[in-house]
Amino acid sequence: MTSVSSENGTADGLRAPLTVTAVPPGDRGATRIADRVVAKVAGQAAREALGKLPAEAGPPHATVVVHHEVARIRMHLELDYPSDIGARCRQVRQQVVERVVALVGMEVSEVTVQVERLHPAQTHGAAQGRTR
C-alpha cells in the first residue's frame with residue numbers, strides 16, 4: 001500500500017492540526033472616525049480654500065454622512081458679493097476632498113456646496129442702515 005503525503009499532511013493522509021498564531025495586542029481592533037470629526041476637517045478645509053471672508057459672514061460648516069468608509073459631505077458657506085461663486089465653490093470642493101482623504105483616509109463620494117448667503121462689499125463712505 002502506498003501512503004499519500006502532502007505538504008501539510010501526515011503519512012496517513014490526515015491533515016496536521018493548524019497552528020494558531022497570536023495577533024499582537026497593538027494590531028487588534030478597529031478604528032472608527034465619527035462623522036462630526038470628518039465634518040470638522042471639512043469645515044477647516046473650506047476655510048483654507050476661501051481665505052478671508054467678510055466680517056459678518058459665519059464660518060463654513062459641514063454635515064457629513066459616512067457609510068462603509070465613504071463620506072458624503074454637504075458644505076454650508078457664506079460668500080462675499082460680487083465674486084465668482086462657481087470658482088469659489090470648486091475651490092472649496094477640491095480642498096475638502098484633498099484634506100479629508102489626506103487627514104482622515106476616507107474616500108469622498110460627493111461634496112455638495114450650499115451657498116447660504118451673499119454679503120455685499122462695503123464701500124468707504126457708504127451709508128450704514130436705512131436712508132431717506
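What you see below is based on every heavy atom in this structure, not just the backbone, and it leaves out hydrogens, waters and symmetry mates.
Considering every non-hydrogen atom in both Gln114 and Arg74, the closest pair reads OE1-NH1, 3.0 Å. The shortest heavy-atom contact between Thr63 and His76 is OG1-NE2, 3.8 Å. Smallest separation of non-hydrogen atoms from Gln95 and Ala49: CB-CB, 3.7 Å. Taking every heavy atom of both residues into account, Ala62 and Ala42 meet most closely at CB-CB, 4.0 Å. In plain terms, the two heavy atoms of Leu53 and Gly58 that are nearest each other are CD1-O, 4.4 Å.
Val108 places a side-chain heavy atom less than 4.5 Å from the side chain of Val111. In this structure the side chain of Val66 reaches within 4.5 angstrom of the side chain of Met106, judged on heavy atoms. Between Glu116 and Leu77, the closest side-chain pair of non-hydrogen atoms is not below 4.5 Å. Two residues are said to be in side-chain contact when any heavy atoms from C-beta on lie closer than 4.5 Å; Arg47 and Pro59 meet this criterion.
Looking at Gln44 and Arg99, their side chains never bring a donor and an acceptor atom within 3.5 Å of each other. With no hydrogens or angles considered, no side-chain donor-acceptor pair links Ser109 and Glu107 at under 3.5 Å.
A side chain to side chain contact (heavy atoms under 4.5 Å, CB included) with Val113 is found for exactly one of Arg93, Arg88, Gln91, namely Arg93.
One distance of note links CZ of Arg32 with CD of Glu69; it measures 8.5 Å at 0.5 Å rounding. Here the CD1 atom belonging to Ile73 is positioned 9.5 Å from the OG1 atom belonging to Thr112, to the nearest 0.5 angstrom. Atom-to-atom distance recorded for His119:NE2 and Glu78:CD is 3.5 Å, nearest 0.5 angstrom. Here the CE-CG distance, from Met75 to Leu50, works out to 8.0 Å after rounding to the nearest 0.5 Å.
Other residues, nucleotides and ligands contribute only 12 or fewer heavy atoms inside 6.0 Å of the CZ atom of Arg72.
Here Asp80 does not pair with Arg117 in a salt bridge; the nearest charged N to carboxylate O distance is not below 4.0 Å.
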